[in-house]
Amino acid sequence: MTPTIGVFDSGFGGLTVLRALVERLPHAEFAFIGDTARLPYGSKSRRTIARYAVQSAQFLVQEQGAEYLVIACNTASALALDAIQEAVPVPVLGVIEPGAQAAQAASHSGDVLVIATDATVQSHAYAAACHARGLRALEKACPLLVPLVEEGWTDHPVTAEVARIYLDELNAAAAAEGLQPDTLVLGCTHYPLLRPLLERTVPPGMRVIDSAESAAEAAAGLINGRAAGVAGEPSGPAKIRCFATDSVEKFERLGSRFLGRPVGHVELIDLGG
Ligand code: DGL
């Protein structure tokens, strides 16, 4: 039994989630779409993000036969999960709940920090998911980090300085509120590529949670659970089809950095305006 899993992101940052999924579901078929023509989502309104995300979700389900959808984009997960779930007849998983769950498992103090895009932070989706688990959460938008990663500056002095400023501000705000955070959630597809840099920047002992890993773990649990008992041999190794709404050359060039292996041929598609 080989499930087809649709994975959606606003760009190719979501390949970090796909990479984590492939590790856990090596026999599945994957269709990945990066809505690169309309990136970034992180600075857009809920209405626009939902419209864009629903178009991608429908493409994956209706045209690529996805039986499950993983919304790798934190911004779309935060602002459009309901709209996507209403628009398609398959199970849809976002990254926010698994990220909050991993934060709960990691934190001893019960105080966590979240860094994400502007739109994700303004939605307070992570804070709500953390509060529902008895955690106190402080969120901060770090809008400069996405373009720095897109530029390939994942281990660059400029990125290190930008990250240091953001995290110093966040830690100072946490201290002012009397929080004792021991966990940092990376609430954006692009931040896992900065993980080594961020781990060097956070105060000693602070745990760093990668929402890509947490989401892939949750998705694999659901999909493997449903597949259990279904007859058929795995037809292994994972097949990956990638689609983008803008420059496939850039996707092919930079995508391999996110996926950890060559992305292969990327097909250009048009989802409309
Ligand atoms: N994929 C987005 C996220 O995870 C980051 C890039 C964007 O702003 O579109 O929030």
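First listed ligand is number 1; within each ligand, the first listed atom is number 1. Everything numeric in this text was worked out from a predicted model, so none of it was measured.
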In a simple table, one pair per line, please give the protein and ligand 1 atom names for every N or O pair closer than 3.5 Å, along with the distance.
residue	atom	partner	partner atom	Å
ligand 1	1 (N)	Asp9	OD1	2.8
ligand 1	1 (N)	Ser10	OG	3.0
ligand 1	1 (N)	Thr189	OG1	2.9
ligand 1	4 (O)	Asn74	N	3.0
ligand 1	4 (O)	Asn74	ND2	3.3
ligand 1	4 (O)	Thr189	N	2.9
ligand 1	4 (O)	Thr189	OG1	3.2
ligand 1	8 (O)	Tyr41	N	3.4
ligand 1	8 (O)	Gly42	N	2.9
ligand 1	9 (O)	Ser10	OG	2.6
ligand 1	9 (O)	Tyr41	N	2.7
ligand 1	10 (O)	Thr75	N	3.1
ligand 1	10 (O)	Thr75	OG1	2.6

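Within 6.0 Å of atom CD in Gln180, 12 or fewer heavy atoms from other residues, nucleotides or ligands are found, so the atom counts as exposed in its surroundings.
With sequence neighbours excluded, no residue forms a side chain to side chain donor-acceptor pair (under 3.5 Å) with Glu151.
Checking side-chain atoms of Arg241 against main-chain N and O of Ala31 turns up no donor-acceptor pair under 3.5 Å.
Salt bridge status for Arg253 with Glu249: absent, with no side-chain N to carboxylate O gap under 4.0 Å.
A distance of 13.5 Å separates CD of Glu217 from OG of Ser211, quoted to the nearest 0.5 Å. Leu179 CG to Ser109 OG: the interatomic distance, rounded to the nearest 0.5 Å, is 8.5 Å.
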